[in-house]
Amino acid sequence: MEIKITFPDGEGKTYKAGITPREIAEGIGPRLAREALAAQIDGRFIDLDTPITEDATIQLLTFDSLKGRDIFRHSSSHIMAQAVLRLFPGAQLAIGPAIEDGFYYDIDFPKPISPEDLPRIEEEMEKIVKENLNFKREELSREEAIQLFEKQGNKYKVELVRELPEGDKISIYKQGEFFDLCRGPHIPSTKYLKAFKLTGLAGAYWRGDERREMLTRIYGASFTDAKELKKHLTLIEEAKKRDHRKLGKELDLFSFHQEGPGFPFFHPKGTILFQELIEFCRKELAKRGYMEIKTPIILNEELWHRSGHWDHYRENMYFTKIDERDYAVKPMNCPGGLLIYKSRIHSYREFPLKVAEFGLVHRHEKSGVLHGLFRVRNFTQDDAHVFCLPEQLEEEIQKLVELILDFYKVFGFEDILIEISTRPESSIGSDEMWEKATSALKHTLEKMKIDFKLNPGAGAFYGPKIDFHIRDCLKRTWQCATIQVDFSMPERFDLNYIGRDGLEHRPVMIHRAIFGSLERFLGILIEHYAGNFPLWLAPVQAAILPIGENHAQWANEIKATLDEAGLRTEIDLAQEKINRKIRNAEIMKIPYMLIIGDREVETRTASIRRHGSGDMGNKSIPEIISFMKKEIEEKKISS
RNA sequence: GCUGGUGUAGCUCAAUGGUAGAGCAGCCGCCUUGUAAGCGGCUGGUUAUGGGUUCGAUUCCCUUCACCAGCUCCA
């Protein structure tokens with residue numbers, strides 16, 4: 001019998017039924033035959049040696065495709081698991097998926113292993129690769145599978161099999177003496193694994209549940225080509241150099257101390273960055289009709305009962321006593337802002353009423369989650385609350401989305417992940433309110449043709465939200481901006497406005513932050529720019545470097561003039577060679593260096609050097625001020 | 001919070017069951033300097049913390065704290 005196989009380009013060809021993807025690849029060319037890892041048949045993924053029995057469209061998957069990589073890395077994790085079982089016979093395998101750039105396997109070891117064991121596992125993997133073992137698929141019934149894994153003494157696999165749908169065929173993959181529960185497909189043989197490295201060891205809960213067993217997770221990276229692996233590892237090394245915790249120390253921006261874990265200390269230079277961000281934000285908000293308020297950090301506990309925080313957020317709050325009464329340190333700014341709203345009567349004519357606050361909030365985070373400026377216990381939100389009429393809601397959401405994207409463009413962020421988070425278990429308000437709020441968010445993004453991911457159950461306790469996530473240097477993503485629609489707080493606080501009809505009505509409230517947390521955003525910026533801040537943000541914008549003592553006077557004059565012009569400068573009067581001074585300024589990533597020697601004193605100029613690019617020749621002081629100011633004005637992003 | 005790891009001078013890192021050393025930084029001198037490290041000297045540490053083992057602990061063991069990786073949780 002013959003079957004028709006259609007290729008991705010639309011071309012078709014007839015083959016004998018039972019032909020395998022491998023044979024098809026061989027027919028096309030030696031290179032494809034060599035590189036093909038698995039195949040996609042009518043949307044289903046199969047092994048290279050699975051016979052095809054009916055008409056189908058085929059796509060041969062190589063490492064160049066996303067799915068091909070996934071399969072390759074998933075197979076890598078099987079090979080690692082095999083190595084682990086050879087070396088640690090009592091180990092129980094849990095799950096081992098592919099991830100970006102690599103794979104991991106969660107394993108329950110009889111005795112804990114240490115990073116020193118990784119090279120041994122790698123060696124064993126090398127052996128398995130050399131053994132050139134074929135991945136073989138076998139199908140069995142649920143009962144057989146359960147028996148098999150019970151016999152092996154693997155409670156995790158037994159649990160997984162039990163949860164697979166009744167009646168489904170269960171597949172396992174074997175290579176050599178090793179077998180594992182797996183949907184597949186896999187690469188044909190272990191020899192395909194040309195380049196890999198085990199990159200890390202960490203704990204991970206079984207099924208991601210902190211109440212369950214803690215397993216050992218081994219991370220690895222794998223590629224078809226040693227050069228690619230090397231490139232990947234180098235990239236990670238490079239990325240680590242821009243870690244904001246490292247740069248924060250090197251550039252003298254901020255520090256952390258045992259005396260206050262998770263509470264950042266901003267040094268003078270870090271404070272400049274912080275203030276510049278606020279300044280930028282204030283100017284932009286002023287253009288858009290925002291007002292700014294300031295509310296207290298500590299407020300009576302009763303307020304937090306009223307807001308719902310006591311019931312839904314207490315775990316994250318700090319409490320204190322004043323004059324025998326109970327108070328709480330604010331974890332959010334909204335309740336305080338609502339007291340201001342309620343301090344007078346409001347008219348619909350004021351709407352949308354936009355009230356911003358750079359509010360310092362404190363949240364009790366579990367000790368293990370603290371992470372530089374990305375995850376702290378006190379941070380400053382660029383918060384705002386927009387009070388509006390229900391019919392204004394979507395328009396206001398849209399304006400906020402635009403505002404956020406505009407802001408991010410200024411900093412050069414392109415790769416932003418957007419999520420909508422829906423009602424969590426612990427929450428307040430009626431289903432109807434949640435439904436209305438969530439659909440307003442969804443509808444707005446859809447209208448704007450913005451892609452988003454759904455994150456069910458991850459909303460704030462008072463309302464659903466759109467979150468904007470930005471990646472750090474190691475590709476971990478961090479939530480920054482947020483837009484949250486809230487029908488509940490206005491009700492709880494009995495907020496009113498007088499409508500056109502002269503009667504009291506309930507406003508809708510949007511909570512939003514653009515940076516999210518100034519601390520986190522600053523951390524992201526440090527990594528994004530690798531410490532080479534655009535001129536407008538740079539803590540020191542120009543270093544003035546006199547060559548010798550004779551040049552100090554002109555250098556000081558220049559400094560005074562630049563300072564007067566509002567530029568941030570430093571002067572290096574040390575008894576040092578000019579090369580040393582330049583090196584120091586380069587290391588501190590100061591955008592401009594003004595070198596002052598005999599020539600400059602004589603011509604009343606400075607020799608300009610741009611950080612990272614070099615000598616720009618001589619310029620007069622007014623010229624320097626004017627081009628620097630222009631660069632600041634434009635918020636130019638340094639290349 | 002959990003699992004594992006780490007903690008030595010301001011920073012980066014050595015060393016040892018017999019009470020610690022380098023480079024950089026800092027300070028003091030010399031050099032008088034032209035686009036990424038001039039030279040010499042000096043200072044600096046109850047080896048995170050508390051306890052235990054030992055004749056002796058910075059080293060071995062335990063506690064606490066902090067940090068790192070990941071998990072869980074979240075801006």
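In what follows, every chain begins at residue 1, and chains take the letters A, B, ... in the order their sequences are listed.
Residue contacts for A:E250: at a heavy-atom cut-off of 4.0 Å it reaches no nucleic acid atom on any strand shown. Contact annotation for A:R212: no contact, since no heavy-atom pair falls under 4.0 Å across all strands. No contact: A:N550 has no heavy atom under 4.0 Å from any strand. Within 4.0 Å (heavy atoms only), A:G597 reaches at least one base atom of the nucleic acid. Nucleic acid contact for A:V361: none, since no nucleic acid atom lies under 4.0 Å from a heavy atom of the residue. Base engagement by A:G203 is indicated by at least one non-hydrogen atom pair under 4.0 Å involving a base atom. At a threshold of 4.0 angstrom between heavy atoms, the contacts of A:G548 include nucleobase atoms, whether or not backbone atoms are also involved. Contact annotation for A:R580: backbone-only contact, meaning every heavy-atom pair under 4.0 Å involves sugar-phosphate atoms and none involves a base. Residue contacts for A:E519: at a heavy-atom cut-off of 4.0 Å it reaches no nucleic acid atom on any strand shown. Note on A:I578: only backbone sugar-phosphate atoms sit closer than 4.0 angstrom, heavy atoms only; bases stay farther off. Nucleic acid contact for A:N579: sugar-phosphate only, since backbone atoms but no base atoms lie under 4.0 Å from a heavy atom of the residue. Within the 4.0 angstrom heavy-atom criterion, no nucleotide atom of any strand lies near A:F515.
Between A:F468 and A:Y408, the two ring planes are perpendicular [angle over 60°; tilted spans 30° to 60°]. A:Y318 and A:H364 have perpendicular rings, their planes meeting at more than 60° on a 0 to 90° scale where under 30° would count as parallel. Between A:H309 and A:F461, the ring planes are perpendicular. Angles over 60° get that label, and only those under 30° would be called parallel. Between A:H385 and A:H511, the angle of the ring planes goes over 60°, which puts this pair in the perpendicular group of the 30/60° scheme. Aromatic ring pairs are classed by plane angle as parallel below 30°, tilted from 30° to 60° and perpendicular above 60°; the pair A:F407 and A:F280 is tilted.
With hydrogens and angles ignored, no donor-acceptor pair closer than 3.5 Å exists between the side chain of A:R377 and the base of B:A75. Contact annotation: side chain of A:R217 to base of B:C71, donor-acceptor pair absent below 3.5 Å. Residue-to-nucleotide contacts include no donor-acceptor pair under 3.5 Å from the side chain of A:E586 to the base of B:A37. One donor-acceptor pair, N or O on each side, does fall under 3.5 Å between the base of B:C31 and the side chain of A:Q575. Within 3.5 Å, a donor on the side chain of A:K577 pairs with an acceptor on the base of B:C31, or the reverse. Residue side chain A:E600 reaches the base of B:G34 through a donor-acceptor N/O pair under 3.5 Å, judged by distance alone. A donor-acceptor contact under 3.5 Å is formed by the side chain of A:Y205 with the base of B:G1.
Taking atom CG of A:D209 as the reference point, atom P of B:U3 lies 15 Å away to the nearest angstrom. As a whole-Å value, the separation of A:Y104 OH from B:U3 C1' is 15 Å.
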Residues A:R609, A:Y592; criterion side chain to side chain donor-acceptor pair (under 3.5 Å); working and verdict: CA-CA 6 Å; A:R609 179 189 162 100; A:Y592 288 104; over 6 Å; no
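A close approach under 4.0 Å does occur between a side-chain nitrogen or oxygen of A:R476 and OP1 or OP2 of B:G70. The side chain of A:Q479 places an N or O atom within less than 4.0 Å of a non-bridging phosphate oxygen (OP1 or OP2) of B:A75. Dashed line: the shortest gap from a side-chain N or O of A:K581 to OP1 or OP2 of B:U33 is not under 4.0 Å. Taking only side-chain nitrogens and oxygens, A:R363 never comes nearer than 4.0 Å to OP1 or OP2 of B:A75. Between A:R245 and the phosphate of B:A69, there is a side-chain N or O to OP1/OP2 separation shorter than 4.0 Å. When the side-chain nitrogen and oxygen atoms of A:T216 are compared with OP1 and OP2 of B:U3, none of them lie within a distance under 4.0 Å. Put simply, A:H371 has a side-chain N or O that comes within less than 4.0 Å of OP1 or OP2 on B:A69.
A:F411 has its ring centre less than 6.0 Å from the ring centre of A:F521.
Judged by ring centres under 5.5 Å apart and planes tilted less than 30 degrees, A:F379 stacks against the six-membered base ring of B:A75.
Of the residues in residues 112-124 of chain A, none lies under 4.0 Å from RNA chain B by heavy-atom distance.
For A:W206, the ring pair (Phe, Tyr, Trp, His ring centres under 6.0 Å) criterion is met by A:Y156, not counting sequence neighbours.
Summarising the local packing, CZ of A:R211 is surrounded by 12 or fewer heavy atoms from other residues, nucleotides or ligands at distances under 6.0 Å.
In this entry B:C42 has B:G26 as its Watson-Crick or G-U wobble partner, both defining distances falling under 3.5 Å.
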